[in-house]
Novice: 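Structure below; questions to follow.
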Amino acid sequence: MVNIMGVALSDKQPAKIALTGIYGVGRMVAKQLCARLQIHENCKLTELTPQQTTALTAFLSAPGNAPLLSTLPLASIHHRPAFKTNLIDIEPPKNTTELLLPQPEAESAGSTSKSVSSPTGSPPPIPSQSDKNIGVGDRLRQLKIETDLRRYVRENIMHHRIINSYIGRRHAMGLPVRGQRTNTNAQTARRLNKLDRRG
């Protein structure tokens with residue numbers, strides 16, 4: 001058994017399965033964690049290097065303080081793949097520095113289209129990334145696990161009970177909350193839907 005954040009995880013299972021033993025980590029989050037920390041999904045937890053184990057523990061203990069992921073730029077419009085196929089290859093235009101722009105008809109009826117050359121003759125530069133764009137969409141930074149998630153669920157239940165909503169009253173009575181039948185099959189809800197829900 002491997003202890004990560006006080007949770008004993010199985011060392012016989014792959015990392016993507018063993019990490020689901022942490023409360024709040026499912027299959028998808030486990031795969032995202034493995035990808036972010038560069039851990040192979042099928043690697044067992046005992047096969048991790050000490051640096052990987054330290055990085056995993058540090059990330060799970062404080063996901064909000066983890067370094068931001070940088071966004072990589074997409075390929076430019078002028079990018080051509082380096083591989084060859086047996087299909088017919090269409091040649092690019094020979095002169096890409098000159099563009100033909102249509103002229104407005106109001107200026108003169110006899111004028112022809114002018115050619116405008118690009119100032120540098122190269123593709124437009126990639127815009128520099130600002131700090132506010134780095135890390136956008138990094139959902140793992142808002143990850144809540146173990147004690148934080150249990151507290152969050154408990155506070156939500158208490159909130160519904162305090163405002164006396166239908167959900168809060170059903171929790172207080174220990175009955176199903178989401179409209180399930182109660183004539184039969186409410187045993188699990190009666191066991192779980194109470195204020196001291198442990199998760």
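Computation of the quantities below employed the complete heavy-atom set of this structure, encompassing side-chain atoms and omitting hydrogens, waters and symmetry-equivalent molecules. All residue numbers refer to positions in the sequence shown, counting from 1. Just so we're clear, the structure is a prediction, and the values are computed from it rather than from any experiment.
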Novice: Can you tell me how far apart OG1 (T54) and CD1 (I4) are? Round to the nearest 0.5 Å.
Specialist: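 So the gap between those two atoms works out to 10.0 Å.
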Novice: Please round to the nearest 0.5 Å and tell me the distance separating atom NZ of K12 and atom OG1 of T46.
Specialist: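 Between atom NZ of K12 and atom OG1 of T46 there are 11.0 Å.
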Novice: Between E41 (side chain only) and A30 (backbone N and O only), is there a donor and an acceptor less than 3.5 Å apart?
Specialist: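 No.
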Novice: About how many Å separate CZ of R36 and CG of L33, when rounded to the nearest 0.5 Å?
Specialist: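 The CZ atom of R36 is 8.5 Å from CG of L33, to the nearest 0.5 Å.
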Novice: Does R150 count as lying over the ring of Y23, i.e. NZ or CZ under 6.0 Å from the six-ring centre, within 45 degrees of the axis?
Specialist: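 Yes, cation above the ring, under 6.0 Å and within 45°.
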Novice: Output the distance between atom CZ (R154) and atom OG1 (T147), rounded to the nearest 0.5 Å.
Specialist: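 Atom-to-atom, R154:CZ and T147:OG1 are 9.0 Å apart.
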Novice: For the residue pair L56 and L19, establish whether any side-chain heavy-atom pair is separated by less than 4.5 Å.
Specialist: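 Yes, close enough: below the 4.5 Å cut-off.
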Novice: Without placing hydrogens or testing angles, list every side-chain donor-acceptor pair under 3.5 Å for residues 173-185, not counting sequence neighbours.
Specialist:
| from | atom 1 | to | atom 2 | distance (Å) |
| --- | --- | --- | --- | --- |
| Q180 | OE1 | R178 | N | 3.1 |
| R181 | NE | T184 | OG1 | 3.2 |

Novice: At their closest point, which heavy atom of S61 faces which heavy atom of M5, and how far apart are they?
Specialist: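 So the minimum-distance heavy-atom pair works out to N-SD, 3.7 Å.
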Novice: At what distance, to the nearest 0.5 angstrom, does NZ of K31 lie from CD1 of I17?
Specialist: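 It is 8.5 Å, given to the nearest 0.5 Å.
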Novice: Contact between E146 and V7 at the side-chain level, heavy atoms closer than 4.5 Å - yes or no?
Specialist: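 Yes; the side chains approach each other to less than 4.5 Å.
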Novice: More than 12 foreign heavy atoms under 6.0 Å from CZ of R169: is that the case here?
Specialist: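 Yes, enclosed.
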Novice: Looking only at heavy atoms, which two atoms of N3 and A8 are closest? And how far apart?
Specialist: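 Reported closest heavy-atom pair: OD1-CA, 3.4 Å.
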Novice: Which atom names give the shortest non-hydrogen contact between L60 and P63, and what distance separates them?
Specialist: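 For L60 versus P63, the nearest heavy atoms are O-CD, 3.8 Å.
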Novice: Taking the side chain as everything from C-beta on, heavy atoms only, tell me whether R161 gets closer than 4.5 Å to I167.
Specialist: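 Side chain of R161 against side chain of I167, heavy atoms only: no contact under 4.5 Å found.
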Novice: For the residue pair Q13 and T20, establish whether any side-chain heavy-atom pair is separated by less than 4.5 Å.
Specialist: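 The answer is no, as the side chains (C-beta and beyond) never meet within the 4.5 Å cut-off.
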Novice: To the closest 0.5 Å, what do you measure between CD (E47) and CG (N42)?
Specialist: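 E47 atom CD to N42 atom CG measures 10.0 Å (nearest 0.5 Å).
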Novice: Can you tell me if CD on Q142 sees more than 12 non-hydrogen neighbours from other groups inside 6.0 Å?
Specialist: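 Buried by this count: over 12 neighbours within 6.0 Å.
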Novice: Measure across S10 and A18 and return the closest heavy-atom pair with its distance rounded to 0.1 Å.
Specialist: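 Heavy-atom minimum between the residues: O-CB, 3.5 Å.
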Novice: Output all residues satisfying salt bridge (charged side-chain N to carboxylate O under 4.0 Å, His left out) with R151, sequence neighbours left out; order by chain, then residue number.
Specialist: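 R151 satisfies salt bridge (charged side-chain N to carboxylate O under 4.0 Å, His left out) with D148 once adjacent residues are dropped.
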